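Scroll down for the structure; my scribbles are underneath it.
Since the model is a prediction, treat every value here as computed from it, not as a measurement. Just so it is clear: chains get the letters A, B, ... in the order the sequence lines come, proteins before strands, and each one is counted from 1.
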Protein chains: 2
Amino acid sequence: MSKDAGQPSCPIAQTLGVFAGKWKPEILWNLKDQRLRFNELQRAVGGVSQKMLAQQLRELQRDGLVKRIQHQSIPPHVEYEATSLIKTLEPIFGELERWYKDNAPTVRRAQKKYAKNNPS
Amino acid sequence: MSKDAGQPSCPIAQTLGVFAGKWKPEILWNLKDQRLRFNELQRAVGGVSQKMLAQQLRELQRDGLVKRIQHQSIPPHVEYEATSLIKTLEPIFGELERWYKDNAPTVRRAQKKYAKNNPS
DNA sequence: CCGTATCCATAGGGATACTG
DNA sequence: CAGTATCCCTATGGATACGG
């Protein structure tokens, strides 16, 4: 019991669900202004396994954020590109970036202070 | 091996790391305009276990987003409240909320379409 | 009342090997 | 090249019981 009904109640969590997966921000970040092939993307993201990359790309496609472009050729040639829906995320990305620029030091200090008070 | 260096490269991921944990958005959402006690918070969030709530609260304290207020009394009385740093997240929350309002239907449609094309 | 400690099941995710 | 399939280990997270 106490099974979650499924939908998180607040819209914040809903939106995060779409783009806040483990590798998604970096994938979107890299696709923001360029098409990339699978391997290029894997190198660009750095540290992601094939399995994870494929999976996250599938979810991004499902949610309409990324489009898969298959060129018929041998050897196969596939490119991924951001859809127009991604453009609507830009204000969010902008705010996230700005927040980091403005507040990262504050967070660092809080963490140091916390660490000092908590002999883990 | 192949241990990740630690820091994700893009600031987006950095910022998300601070507040995008599984229960954090809902915790912050509830603390936004009121102090709450541990049990109140647990009920408010809904579905979160004691263990998870305690853990997420610890992280939020560590990152300076939440303050723990301990009243000395028997039985113990503890309250959690948002710090001023949380205020700086509001533009982000605002954008996230707005995005959901504007684009949730689009995402739904994309998902339906994707499901139709992918007999999973 | 406010948590921590412990146990345990499940899902996440890496490495590797293989296919169209 | 662009993935899937498999194996396997670890981290996550729920339930329960206990301590300050």
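- The shortest distance between side-chain heavy atoms of A:L53 and A:I27 falls below 4.5 Å.
- For the pair A:R43 CZ and D:dA2 C1', the interatomic distance rounds to 13 Å; values are reported in whole Å.
- Scanning both residues, B:R37 and B:E40, for their nearest heavy atoms gives N-OE1, 2.8 Å.
- Put simply, the side chain of A:E90 never gets that close to the backbone of A:I86: no donor and acceptor are under 3.5 Å apart.
- For the pair A:R68 CZ and D:dG3 C1', the interatomic distance rounds to 8 Å; values are reported in whole Å.
- Across every non-hydrogen atom of B:L96 and A:T15, the tightest pair is O-OG1, 3.0 Å.
- For residues 51-67 of chain A, proximity to DNA chain D is found at A:K51, A:A54, A:R58, defined as any non-hydrogen atom under 4.0 angstrom from a strand atom.
- Note: CD1 (B:I69) to P (C:dG3) measures 12 Å, nearest angstrom.
- In this entry the distance linking NZ of B:K22 with P of C:dT10 reads 15 Å, nearest Å.
- Rounded to a whole Å, the CZ atom of A:R35 is 14 Å from the P atom of D:dA2.
- Residue pairs meeting the side-chain hydrogen bond (donor to acceptor under 3.5 Å, both in side chains) criterion with at least one member in residues 49-67 of chain B, sequence neighbours excluded: A:Q111-B:D63, B:K24-B:E59.
- Put simply, CD on B:Q42 is 11 Å from P on C:dG3, counting in whole angstrom units.
- Between B:Y80 and B:F38, the ring planes are tilted. Angles from 30° to 60° get that label.
- Of the residues in residues 71-81 of chain B, those placing a heavy atom less than 4.0 Å from an atom of DNA chain D are B:P76, in numerical order.
- The phosphate of C:dC1 has neither OP1 nor OP2 within less than 4.0 Å of any side-chain N or O from B:R37.
- Atom CH2 of B:W23 and atom P of D:dT12 are 15 Å apart (whole Å).
- With hydrogens and angles disregarded, no donor-acceptor distance shorter than 3.5 Å links the side chain of A:E79 to the backbone of A:Q70.
- Nearest approach of B:P11 to A:E97, heavy atoms of both residues: CG-CG, 3.6 Å.
- Smallest separation of non-hydrogen atoms from B:T83 and B:G64: OG1-O, 2.7 Å.
- Minimum atom distance to the side chain of A:Q50 is reached by D:dT4, of the listed D:dG14, D:dT4, C:dT4.
- B:N39 has its CG atom 10 Å from the C1' atom of C:dG3, to the nearest Å.
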